[in-house]
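In what follows, residues are counted from 1 in the order of the sequence shown. Values below: all heavy atoms of this structure, side chains included; hydrogens, waters and symmetry mates excluded. Keep in mind that this is a model prediction, so the values were computed, not measured. Start at 1 and go down the list; that is how both ligands and their atoms are numbered.
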Amino acid sequence: MSSISLGIIGSGQLGSLLCQAAKKLKIKTVVISDDEHGPAQNYSDEFIFTKYSDKNKFKEFINKVDIVTYEFENIPNEILREIDKQKKVLPKPEINQIIQNRKLEKTFVNNLGIKTTEWTFIKSAKDIKKNAKLLPGILKTNTLGYDGHGQYVLNSIDDIKETWCFTADYILEKKVNLKKEISVVISRYESNEIYIYEPIENIHKDQILKHSKIPADISDEIFKQAQAYAKLIAEKLDYVGTLCVEYFIDQNNTLLVNEIAPRVHNSGHLTINAFNISQFENHIRAVCGLNKANVKKIANAEMNNILGNEIQEYRKKSFGEKEFFFDYGKKEIKDKRKMGHLTILKQ
Ligand code: ADP
Ligand code: MG
C-alpha cells in the first residue's frame with residue numbers, strides 16, 4: 001500500500017470503479033456517502049455513511065484522507081469548500097460550482113467562443129412566453145439534474161400554463177434536431193500534461209445513455225474540433241483529474257457543447273477494457289499527483305448500459321473472452337436505474 005489515502009464522495013458505480021483503479025495503484029480509499037447501501041463500499045478500504053449535514057462525520061473523513069475527489073457533481077459546494085480548507089479537493093470546488101449550474105456552465109462555454117444549444121435563463125412562465133422562439137424546447141432545472149431528471153419537453157406555447165409556480169431556477173434550451181451525440185473524455189495533470197481519449201459516439205434513450213462506441217462515426221474535422229474544445233475547457237478551468245465534454249452534432253454538422261461532467265463519465269466506461277489506462281486510473285493518477293502513464297489503445301469497443309430489470313437476464317448469461325460484464329451490485333432494482341454495463345471489444 002502506498003502512503004496516499006484518497007477520499008471519495010459518493011458511493012455509486014463511478015465510486016466503485018474509482019476504488020478499483022486506486023487499488024491497482026495501491027492507493028487507500030475512504031468513501032463517504034449518504035447512501036447506506038452504496039456499492040462502492042464493496043471496493044473501498046473504508047466506508048462512512050452520513051447525512052451531508054453531519055459535520056462530525058465529515059471531520060472523521062477529513063482526518064482519514066490526504067486528498068479528496070468526488071464521483072458526482074451535485075454536492076453542496078459549501079461542503080467541498082469546507083473540506084478544501086483542510087485537505088486538497090480535486091477537481092477544485094470553484095470548478096464544481098460552475099459546472100453544477102447550467103447557466104454558469106453554458107456562459108463559461110459560450111465565453112470561450114464555443115457554441116452550445118440556444119438557451120436562456122428562466123424564472124417564470126412569463127419568461128418562457130417571452131422566449132417562444134426557443135420552442136420546441138427543453139426546460140431543465142438549473143441545478144441538480146441528471147439522467148434526464150428535472151427536464152420537461154415544451155413543444156409549443158400551448159404547453160405553458162400561466163398558473164405554473166416555479167420553485168427553482170430553470171433554463172430553456174432549443175431542441176436540437178440531433179444527427180449524433182459524442183463525448184470526449186480528457187485527463188489533465190497538475191504538470192499541465194493531458195491525455196485526450198478519442199471521441200466516443202453515444203446513443204441515449206429517454207435521456208439516459210444506452211450505448212457508446214469507439215471509433216465514433218464522425219469526420220476528421222469534428223474529431224479534431226471536439227478534442228480541441230475539450231482541451232481548451234480543461235485548460236481554462238485549470239482542471240486536474242478526468243473530465244468529460246458531451247456534444248451534440250446537429251443536421252448541419254455543427255458541433256455544440258451539451259454539458260460538461262467534472263468527473264469520470266458513463267460514456268468512458270469502455271476505456272477500462274479498450275485502453276491500458278482507463279479514465280478512472282487517469283483520474284486517480286492526476287488527483288493523487290502520480291506521474292502520467294503512457295496511454296495506449298488496445299481495441300475498438302462498444303458499451304451497453306444495463307438498466308433496471310435487464311440486469312436479471314445478464315446475471316444468467318455467460319460471456320465470451322472479449323465481453324466484459326460489470327454488475328454494479330446495487331441492492332434495489334429500479335426502473336431505468338443504471339444496474340451494470342457490458343463492454344465488447346472489437347477489431
Ligand atoms: P443530464 O444532465 O440529465 O445528462 P442532458 O442535458 O445531458 O441532461 O440531457 C440528456 C439527453 O437528453 C441528451 O444527451 C440528449 O439526448 C437529450 N437532450 C437534452 N437536451 C437536448 C436538446 N436541447 N435537444 C435535443 N436533445 C436534447
Ligand atoms: Mg448529459
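By the 4.5 Å heavy-atom criterion applied to side chains, Y189 and L290 are not counted as neighbours.
In terms of protein heavy-atom proximity, atom 6 (O) of ligand 1 is nearest to K140 NZ, 2.6 Å. Scanning the protein for heavy atoms near atom 4 (O) of ligand 1, the closest one is E259 OE2, 2.9 Å. Among all non-hydrogen protein atoms, the one lying nearest atom 24 (N) of ligand 1 is V176 N, 2.9 Å. The protein non-hydrogen atom at the shortest distance from atom 18 (N) of ligand 1 is F248 CZ, 3.8 Å. Of all protein heavy atoms, the one lying nearest to atom 9 (O) of ligand 1 is Q151 NE2, 3.3 Å. Among all protein heavy atoms, the one lying closest to atom 17 (C) of ligand 1 is Q207 CG, 4.1 Å. Among all protein heavy atoms, the one lying closest to atom 3 (O) of ligand 1 is G148 N, 2.6 Å.
Ligand-side atoms of ligand 1 in range of E246: 7 (O), range being under 4.0 angstrom from any heavy atom. With ligand atoms numbered from 1 in the order given, ligand 1 contributes 22 (C), 23 (N) to contacts under 4.0 Å with heavy atoms of K174. Interface of Y146 with ligand 1, defined as ligand atoms under 4.0 Å from a residue heavy atom, comprises 2 (O), 3 (O). The contact set between ligand 1 and K175, taken as ligand atoms under 4.0 Å from a residue heavy atom, comprises 23 (N), 24 (N). Distances below 4.0 Å separate heavy atoms of E181 from the following atoms of ligand 1: 13 (C), 14 (O), 15 (C), 16 (O). Close approach to H204 involves these atoms of ligand 1, each under 4.0 Å from a residue heavy atom: 14 (O), 16 (O).
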*Candidate pair T50 and F61, rule side-chain contact (heavy atoms from CB on, under 4.5 Å), full reasoning*: CA-CA 10 Å; T50 183; F61 173 69; over 6 Å; no
_For a side-chain contact (heavy atoms from CB on, under 4.5 Å) check, start with the C-alpha distance between I218 and Y247, then their side-chain angles and the critical distance, and finish with the verdict._
CA-CA 12 Å; I218 51 174; Y247 295 97; over 6 Å; no
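Side-chain atoms of D250 and N177 form no donor-acceptor pair, as typed in the model, at a separation below 3.5 Å. A donor-acceptor contact under 3.5 angstrom links the side chains of N282 and Y197, judged on distance only. Counted by atom type alone, T69 and H283 present one or more donor-acceptor pairs between their side chains at under 3.5 Å. S219 and E221 are not linked by any side-chain donor-acceptor pair at a separation below 3.5 angstrom, with hydrogens and angles left out of the test. Using modelled atom types and a 3.5 Å distance limit, the side chains of Q13 and H341 yield no donor-acceptor pair. In this structure, a donor-acceptor pair under 3.5 Å is absent between the side chains of T143 and N74.
Neither the backbone nor the side chain of L209 has a heavy atom within less than 4.0 Å of ligand 1. At a 4.0 Å heavy-atom cut-off, ligand 1 touches L178 through the side chain alone. In R102, the part holding a heavy atom less than 4.0 Å from any atom of ligand 1 is the side chain.
Close N/O approach between I138 and ligand 1 is not found [any backbone or side-chain N/O within under 3.5 Å].
Taking the ring axis of Y314 as reference, the NZ or CZ atom of K317 stays within 45° of it and closer than 6.0 Å to the ring centre.
Taking the Mg ion (ligand 2) as the corner point, the angle from E246 atom OE1 to E259 atom OE2 is about 100° (rounded to 10 degrees).
Residue K88 places its NZ atom among 12 or fewer non-hydrogen atoms of other residues, nucleotides or ligands, all under 6.0 Å distant.
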